[in-house]
Structure formats: C-alpha cells, structure tokens
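Structure record follows, encoded as structure tokens.
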2 protein chains.
Amino acid sequence: MPAVGDCIKMLDSETKAVETPEDHAEELRLWLRLLTCTTLIEGEVRGRLRQRFDVTLPRFDLMAQLDKAPDGMTLSDVSKRMMVSNGNVTGLVERLVESGHLDRRTSETDRRVQVIRLTKLGRAEFRRMASEHETWIADLFADLTPKDVRELMRLLAKTKASAQKSAVRRKP
Amino acid sequence: MPAVGDCIKMLDSETKAVETPEDHAEELRLWLRLLTCTTLIEGEVRGRLRQRFDVTLPRFDLMAQLDKAPDGMTLSDVSKRMMVSNGNVTGLVERLVESGHLDRRTSETDRRVQVIRLTKLGRAEFRRMASEHETWIADLFADLTPKDVRELMRLLAKTKASAQKSAVRRKP
DNA sequence: GGAAAACATTTTATGCTTAAAACAATTTTG
DNA sequence: CAAAATTGTTTTAAGCATAAAATGTTTTCC
C-alpha cells in the first residue's frame, strides 16, 4: 500500500503546485534489466564468435550490414545503421579490407564517398558464421514462447519510439 | 498463412525424421531490436553524462555499484556486478583513484584483495549525477505505461534466465 | 608441512570506441 | 560565380574492453 506522500503534489507557500521529486525507480530498474540482458547475450555471442571463428563482434556486425546490401554501402550508411561513430567504421573497414573480407572504392559520382562491399571470401565466411549465429540466438531465447517473443517485440518497439522521441527533444 | 513447408519435418530416404533447418528469424529480429534499444538509450545517457558532468558512462556505472556498498567492494565483486573483465576494472579504478573519487586499500585479512570505496567527493558527485540520471531514464521511457513497464520487466527477467541457462550449457 | 590447486589482481597485446578537429568535395545561396 | 554552409571521411587523443599470461597469495589436501 503506497504512503500518502507518494501520490500528492506538494504545495508551496503561495499554494501553487510544485513538483514532488518523482519516483522513477521502476524505470531505472527496467533500464538496468534491459542492459543486463543485452550485456549477457552480447558477451555470449562475442565469446562464441571468437572461439568458433576467431572473429570479433564488431567485424561480424559490419559484415551483417553489408550482406543485406549486395550493391554496397557508404561508410556513413554503415555508421548510421550500426549506430557507431564515423571514425569507428573507418578503422573497422581498414582491418576488414586488409584481411580480404571487404572491397572498398571511391564513388564515381561523388569523390567524397567510399563504397564498401563484401568480397566473395567475405560473403562466404559471413554466411557460414551467420548460420551458426542464428542457432546461438535461438538457443539463448529458447525459453521464450512465441507469444513472449511477439509481446517483447511490441514493447521494445514502443520503447525504441519513446527513447527516440526523448533523444530528439534534447538535440533538435 | 504459413506455407506447408514451414510446418512439416522432412523425411529422409529411410523415412526417419530429419531436422529441417529451423527458422529462427523471429528470435534474431528480437535480438536486434533489443540491441537497438539498449544502444540507443546507452548512447543518449553517455552523451548527457559527458555534456552535463564531463564523466564517462563506465566511471558512472562503477560509482553506482559502490554507492550501494558503503563498506566497499572488492575488484572481483565489481567486475562480476558490472559484467566486465577484471583488467578493465583495474584501469577504471586507477583513473578514479587518481581523480579523487575512489579510495583503495588492501584487505587486512587477505593480501590478494583490494577493497575500494567512494570518497566523500566521489559520493557527493555521484549523488548529484544519479539524481539527474534518473530523470533522463524516466524521460526516455516516458511513453511506456506502468503496465508496459511491469510486462517488460517480467519478459526481460524470463529472457535473462533463458540466456543464463544457455550460457551455462556451453561452459559448465 | 609442502606440493598443488584455486583465487584476486595486474600486466600485456590488441582492438574497439568516442568526441572533436581537420580535411576534402559538393551543394547552397547571396 | 564565389563565399558559405553542408556533407563524407579521416585523423587524433584519450579512454574503454577483452583474452590470455603473469604475479603474488591463500586454501586444499595428501
């Protein structure tokens, strides 16, 4: 049963409504749990990728983006999709070109733009990894019913929209 | 309406059931959405901490752990709680001791163990940051109803348990 | 009691990540 | 058309992060 103080707004000396220090403990706990789940799964995937394929998670993620874009992507596109900084992508791409997984060329129509693609080798290796990766994910989520999955998808979509709105409010 | 092939098990030449390559696309999409939500919120919190308090997220997280433990924690405890590597904590603590936010001493009873605590300065600064941080989180989750929050908490708890079980299956 | 196992932490080597500044090419606009 | 703004990428400097090996300490268990 909540205490009285939890539900009323304080009145100041001039009898105008004043914000009580609101209780946001529930949202905070939700955020920590969300973070815990992600960290747990991410760490597991990272370790398995390293053990099975000697590849890092960021490299895998970048290849995953390119696998969906047969005609290649620009570095900016990749950066936005992966939600990481531009400089980060520059370095990742450098190493993946070096190892022969990526092909990189300057755009014909805009000399600022770099277009990157998976090489044959890169695509083949990615497909091999992705297939196993999918089974890991399925296993990690194995205890969720199809209904749980649907419900989580819905609530996370709502969460994403809420967070995006809030982010935009700060920097318009 | 699902195609026939989605629901049947293939039969091999000797009429024994054979695993179809199962479709785990839903779980994969769920994982990506989970990751997106976390990355989005994490990036937002990171940026605000930097702008408002010139502090990094890992430093804040470490201080948050210590704020809950007035008698201090060992590096191992912190490492487990934060779900990061031991070496990582060593470096973080070094910098926070340097800046006067943490106090570190060798345990009286076990000379292997380092016990760290927030200093007065560290605690004061953390409290100031934490209070604002809580409002950011509330704002980021603002569009979720209390019921949404409860439901997400429940489903994420189930997800965490499932993932932990799967992780243990691999390395017992 | 002493060798072996377990534990807590640090070190090492490498790679990831960011924010901000710098650079270069294109587009906008007065 | 040229100055200014914008866009795409790279560089820089600092910090974060990991896995694996190394170091010192305590327990375990013959």
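Proteins come first, then strands; the chains are lettered A, B, ... in the order of their sequence lines, and each starts at number 1. Not measured: the values here are computed from a predicted model.
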N or O in side chain of R50(A) less than 4.0 angstrom from dT14(C) OP1/OP2: no
Distance-only polar pair, side chains of N86(B) and S79(B), donor-acceptor under 3.5 Å: yes
For atom CE of M83(A) and atom P of dT17(C), their distance in whole Å: 12 Å
Carboxylate-amine/guanidinium proximity below 4.0 Å for E151(B) and R154(B): yes
F53(A)/F60(A) aromatic ring centres below 6.0 Å: no
Rounded distance (Å) that lies between atom P of dT7(D) and atom CG of D77(A): 14 Å
Under-4.0 Å side-chain N/O to phosphate OP1/OP2 contact, N88(B) with dT18(D): yes
Separation of atom CG in L49(B) from atom C1' in dT18(C), rounded to whole Å: 14 Å
Interatomic distance, N86(B) CG vs dT23(D) C1' [rounded to whole Å]: 14 Å
Value rounded to 0.5 Å, distance of CZ in R81(A) from CE in M73(A): 5.0 Å
Toward the 5' end of DNA chain C, by each residue's nearest nucleotide, E94(B) or K80(B): K80(B)
Among L96(B), L102(B), V93(B), the one residue meeting side-chain contact (heavy atoms from CB on, under 4.5 Å) with R59(B): L96(B)
Residue-level proximity of residues 40-47 of chain A to DNA chain C when a heavy atom falls under 4.0 Å: none
Distance, rounded to the nearest Å, where R48(B) contributes CZ and dA19(C) contributes C1': 17 Å
D71(B) bridged to R117(B) by N-O distance under 4.0 Å: no
Salt-bridge criterion met for R48(A) and E44(A) (N-O under 4.0 Å): yes
L92(B) CG to dC16(D) P, straight-line distance once rounded to whole Å: 5 Å
Whole-Å gap separating P (dG8(D)) and CD1 (I116(A)): 14 Å
Nearest-angstrom distance from the residue atom CE of M73(B) to P of dA8(C): 13 Å
Sugar-phosphate, base or nothing in reach of S76(A), heavy atoms under 4.0 Å: sugar-phosphate
salt_bridge(D67(B), R127(B)) N-O dist < 4.0 Å: yes
Distance test, side-chain N/O of R59(B) to OP1/OP2 of dC16(D), below 4.0 Å: yes
Nearest heavy-atom neighbours spanning L30(B) and M153(A): CA-SD, 3.5 Å
Sugar-phosphate only, base, or nothing, as touched by T74(A) at under 4.0 Å among non-hydrogen atoms: sugar-phosphate
Per V113(B) side chain, nearest of listed nucleotides dC16(C), dT9(D), dA8(C): dA8(C)
Touch class at under 4.0 angstrom, heavy-atom based, for T56(A) against every strand present: sugar-phosphate
Out of dA17(D), dT17(C), dT10(D), whichever nucleotide has its closest atom nearest the side chain of L75(A): dT10(D)
Nucleotide-resolved protein contact map, nucleotides 22-28 of chain C, B/S/- at heavy-atom distance under 4.0 Å: ---BS--
Note, T56(B) side chain near R50(B) side chain (heavy atom, < 4.5 Å): no
